[in-house]
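Not measured: the values here are computed from a predicted model.
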Amino acid sequence: SLTVGANSTVDTGNLTITTATLTFGAMNVVTTGDVNLTGTSKVILGADSEFNAGNVTSQPGTWTFGTNNKLNSTGAVSFTNALVTFASGGKLTAADDLTLDNTTMTFNTAGGIVSVEDVFVNNKSKLTIASGGSLTANGPLNDQAGVIEVDNAQIRFNGAGSITGGNPKLTTAGSILALGALAIDLNDLTIDNGSFSAGAGSGGTFSGNMTVDQGTVLFNNSTNIAVTGNLTGTNSDLTFGNTGSLAVTGDVNVNLFDIVLGNGFAFTADDVTLQDTSYVQGDFGTFTATDLSLTDSAMTLGEGNTGSIDDLGVVNSTLALGASTTIALGGNITANSSATGVSSITGDGGIDLGTATHGLDVGNGDAADTVDFTISAEILSSGAARFTKTGAGRVDLADPTGATVDITVAAGDVQVTTSAGDIELTGGTLSGGGSVGTIGGASGGPAVGPVSPGHNWDLSKAADLANLAVTFGPQTTFH
C-alpha cells in the first residue's frame, strides 16, 4: 500500500497497480502517465483532490473519490468489473472514450459531471448521476456528436441535470437510459430492445432522427421534446404524460406501435403514417400534421382537441374524435376497406371542411357490396364546401347532427343515412334513407347514374330519401 498525506503533489510516469491500495489525503494533485489497475487494487482520494492521467484502465479495481474530486484523462478511461464512486461534486473528463464493462459508477448526492468523447456502458454496467449532474459526449472533434451506447446496461440520472451531444443508442433487452428532469440536447436516438425515459419537466431537442425498434420510450408530465429529423420504428411503446409536447420536423412512420399522449398535449409533425398502431391522445390538446395515413390502425383524440391535416388516408382503420374535438381538413380523404374490416371517422367531434372542395376517394377493398367507409362524426362546412366522390367503394354519411356539404358523385356510391347538401350525380350512385338538397347532374343538368333510396347492400332495402327537387334525364335510373 501507498499512503500520501493531505496537500501533496504526486508527479510520476506510467502507474501500474497490482493487488495494492493507494490512498491520497485531501487536496492532493496527482499527475501520472497511463494508469493500469489489476487484481483487487484500490485507489482512494480525499476531498478536493485531482487525479490527472493519460489512459486509465482498471480490470477490476475499486476507485473511491471524495467530495469535489476530479478524474481527468488525456486519453481513454476503461473500467471492467470495477466499482467507482464519486462523492458530491465529482467530475470525470476524458479526451477519448469512457467504457464501462460490468462496472458500477456512481456520482452521489449533488452534481456529477461526465465529459468525454464517447460513452460505452456494457454488460450489466450501471452509471448513475445524481441531481444537478451532466453527461456530455463531445465526439471526436469536440463537436458534440459523440456516441452514448448502452448494451444490456443502465445509465440513470436521479433528478435534474443535463445530457448533451452524442447519439444515444440502446441495444439488447435490459438496456436502460433513464433521465430525471433533464435538459436534453442530443442528436440521433436509436433504441433496439431498450428503454428510454425522461422525468417530469424535462425538455430539449434531438437534432436528428428518433428510431425505436422493440423498445419503450417514456416522457413524463410537462415534457417538451423536439425531433428535427424523422420518428420511425416498429413494435414499440411511446408514452407522454400530461401538458407536454412532441414536435417532429420530419415524418412519423411507425408500425406496431402503442402511442399514448396525455391531456393538454401538443403534437406536430410533417407526414404521419401509422401501420397496425394504436394512437390515443387525451383531452384539450392539439394535433397538427401535413398528411395523416392510417392502415389497420385506431387513432383516438379525446375531448376538446383542435388540429389540422391536409390529406387523410384510412385503410381498415378508425379515427375517433371526442366531444368538441375539431380537425380542419385542408385536402382530400382517401379511404378503403380490406378483407378484415372497414374504415370510419367516428365520435362526437367533427371534421371541418371549411369552404373548399375536397376529394373523397373510397375504394372497395373488401370486394363486398357493403359500406367501405363511414363518417359518423360531425361534418362541418360552410359556403361552397363540397365533396367530390370517386372510387368504386361506398361511403356512408351518418353525421348525427346532419351535414350540409354539397357532393359530386362521380363514381361509387354515396349512402346518406342522415343528411347532406345538394347532390350532383355524374356517374356514381346515390342511396340511403336520409335527406338531401336537390338531386341533379353537372352544371344544373339531369342526374347521370342511379338514384336508389335505401341501404342497397342490406336485405331490407326500402327507405325514404327526402329531397327538395330532382332533375332526371335519359341517363338517370331510379330504383
State whether the side chain of [X] and the backbone N or O of [Y] hold a donor-acceptor pair below 3.5 Å, judged by distance alone.
X    : Y    : value
H479 : P453 : no
S317 : D296 : yes
S222 : G244 : no
S419 : A403 : yes
T211 : T190 : no
T277 : F257 : yes
H358 : N332 : no
K169 : L189 : no
D97  : T99  : no
S278 : D258 : no

Original post:
Are the aromatic ring centres of F219 and F196 under 6.0 angstrom apart?
Top reply: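 Distance test on ring centres: under 6.0 Å, yes.
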Any donor-acceptor N or O pair under 3.5 Å, side chains [X], [Y]:
X    : Y    : answer
D101 : N122 : no
D361 : T334 : no
T290 : D270 : yes
S338 : T340 : yes
D372 : S337 : yes
N108 : T106 : no
N253 : T232 : no
N224 : S245 : yes
R394 : T370 : no
N138 : S115 : yes
D396 : T417 : yes

Original post:
Once the angle between the rings of F287 and F267 is folded into 0 to 90°, is it parallel (under 30°), tilted (30 to 60°) or perpendicular (over 60°)?
Top reply: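 F287 and F267: parallel rings.
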Original post:
Residues two or more places apart in sequence or in another chain: which of them pass side-chain hydrogen bond (donor to acceptor under 3.5 Å, both in side chains) with D310?
Top reply: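 D310 satisfies side-chain hydrogen bond (donor to acceptor under 3.5 Å, both in side chains) with no other residue.
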Subject >> Any residue meeting side-chain hydrogen bond (donor to acceptor under 3.5 Å, both in side chains) with S431, in chain and number order, not counting sequence neighbours >> reply: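 So S431 forms a side-chain hydrogen bond (donor to acceptor under 3.5 Å, both in side chains) with D413.
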**OP:** Measure across L353 and L329 and return the closest heavy-atom pair with its distance rounded to 0.1 Å.
**Re:**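 The pair with the smallest heavy-atom distance is CD2-CD2, 3.8 Å.
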**OP:** Locate the shortest heavy-atom distance separating D96 from V116; write the atom from each residue and the value.
**Re:**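 Looks like O-CB, 3.7 Å.
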